[in-house]
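Presented below is the structure to which this report refers.
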Amino acid sequence: MTQTSVKSSRRKGVTPFGVISLLLGLALFGYFVRKAGLSQLLEGISRLGFGFILVVAVSAIRQIARSIAWTLCIEAPFRLRFRDAFRARIMGDAIGNILPFAGFLVSEPAKPALIRDRVPLMAGFSALAIENSFYALSVALFICSGMVALLLSFALPKGLRVISIITLVVIAVVIAIACVVIAKRLKFISGTAGFLHRRGLNEKWIEKGRTLEDRVYGFYQNNSKRFLPILLLEGCFHLAGALEIFVTLSFISPDQPPTFLTAFILESVNRVITVVFKFIPLRMGVDEAGTGRVSKVLQFTMATGVTLAIVRKGRDVFWAATGMILLLQRGLSLRAVARDAERAVAEQAKMSVSANLPASESS
């Protein structure tokens, strides 16, 4: 990666679109806080009290589940320890929460870069891509389950019913396309890179895409026995999310006790909000809007839904702070980690190109 591209990727952290999204999110957050009633929100948070420790403890199950899933996606002869995967995941997610506008582009490469003293970068990156693909499948199935439960269990306003049905149709189409891509081993990544190469993308990224595809498809072909354990771990991630909501509502909504079904539905809605509004810091405003409105459908008050969304932000802030502490312990800063991730990916891409050149060309 050239110096120019590194600088340009840094500038992506703050863009006009990002600033506008943040301001709109803050305005929406303020609107729903006011609409729900600040005194009611404070009352709900005070009811939670030290229960927040239990909320954080339950949320730790989610971090643990995906960290173990990542270790299972590492192929021999390499091995990733749980401790290293857990720490890298916490640090990478902290970067994604603090730099949301370029978070995914930086936080995901940062995770394998942070463990490359344990596992070669390409092995770690490929394993992370494989784990993310299992996670994406689990998200699709979880959202579908939540939407079906919502449609069958509650009388919905026409607008929310239409949105739920559209979500189900879109997810079904995405799952079908993903199954076709994997079954036929279509060269989606390298094909896209080749298309972009004809429009100026460096050739090394084509080789990078081919290497990644070969590793991912090779894993699916050679490690079928790991599929069920990985999918079960991803399922634990989502069920722990529903349990976290159940615990939170048990504290903040004593007059309308939750059931696990309502917690399950609220977590599926939370997944939709997270996927669609990833670019907004802490999903500011949109989480309060979505959770507040769906909470009313589920017989809770608007204030309960908004309080739930705020508690989730507190949990995210806790894990972001934990990730920052781990980074500081290693003597790293956000800028240093972002730079290291970009350099590591660029170095690996260069090595991939060199490995695919004939001997006469590489000498």
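Basis for what follows: all heavy atoms, side chains included, without hydrogens, waters or symmetry-related copies.
- Here the straight-line distance linking atom CD1 of I90 with atom OG of S67 works out to 6.5 Å at 0.5 Å rounding.
- Between F134 and F227, the two ring planes are perpendicular [angle over 60°; tilted spans 30° to 60°].
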After noting the C-alpha distance and the side-chain angles of L308 and F300, does the key distance pass the side chain to side chain contact (heavy atoms under 4.5 Å, CB included) rule? CA-CA 11 Å; L308 175 62; F300 297 103; over 6 Å; no
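- Remark: R79 CZ is loosely packed, at most 12 non-hydrogen atoms of other residues, nucleotides or ligands lying under 6.0 Å away.
- In summary, the side chains of T167 and S164 do not present any donor paired with an acceptor at a separation below 3.5 Å, with no hydrogens or angles considered.
- Taking the six-membered ring for Trp, F264 and F246 have ring centres at least 6.0 Å apart.
- Both M147 and I165 belong to a common hydrophobic cluster when Ile, Leu, Val, Met, Phe, Trp and Tyr are linked at side-chain heavy-atom distances under 4.5 angstrom.
- For R293, the CZ atom counts as loosely surrounded, since its 6.0 Å shell holds 12 or fewer non-hydrogen atoms of other residues, nucleotides or ligands.
- To the nearest 0.5 Å, atom CD of residue E75 and atom OG of residue S126 are 8.5 Å apart.
- For I265 against F154, the heavy-atom pair with the smallest separation is CD1-CE1, 3.6 Å.
- Here the shortest heavy-atom pairing between W319 and V56 reads CZ2-O, 4.0 Å.
- Both tests do not hold together for R47 against F251: distance to the six-membered ring centre under 6.0 Å, angle to the ring axis within 45°.
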Mind running side-chain hydrogen bond (donor to acceptor under 3.5 Å, both in side chains) on T307 and T304 for me, showing each step along the way? CA-CA 5 Å; T307 304; T304 297; over 6 Å; no
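- Cluster partners of W70, using a side-chain heavy-atom cutoff of under 4.5 Å among ILVMFWY residues and allowing indirect links, are I74, F78, L80, I115, V119, L128.
- Taking OG1 of T259 as the reference point, atom CG of L298 lies at 8.5 Å (rounded to 0.5 Å).
- Interatomic distance, D287 CG to I273 CD1, rounded to the nearest 0.5 Å: 5.0 Å.
- Residues V148 and L150 fall within the same hydrophobic cluster, defined by Ile, Leu, Val, Met, Phe, Trp and Tyr side chains chained together at heavy-atom separations under 4.5 Å.
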Stepwise, does the ring-ring contact (aromatic ring centres under 6.0 Å, His included) test hold for Y135 with F237? CA-CA 9 Å; Y135 171 68; F237 173 89; 5.5 Å; yes
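- Annotation: the span from L38 atom CG to E43 atom CD amounts to 11.5 Å, rounded to 0.5 Å.
- Legend: residues meeting salt bridge (Lys or Arg N to Asp or Glu O under 4.0 Å) with E234, ordered by chain and number and at least two apart, are R66.
- Counting all heavy atoms, side chain and backbone alike, M91 lies closest to L326 at CG-CB, 3.6 Å.
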Can you list the steps and then say if M302 with S295 is a side chain to side chain contact (heavy atoms under 4.5 Å, CB included)? CA-CA 6 Å; M302 169 77 75; S295 293; over 6 Å; no
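- For the 3.5 Å distance criterion, the side chains of R312 and T291 qualify, holding a donor opposite an acceptor.
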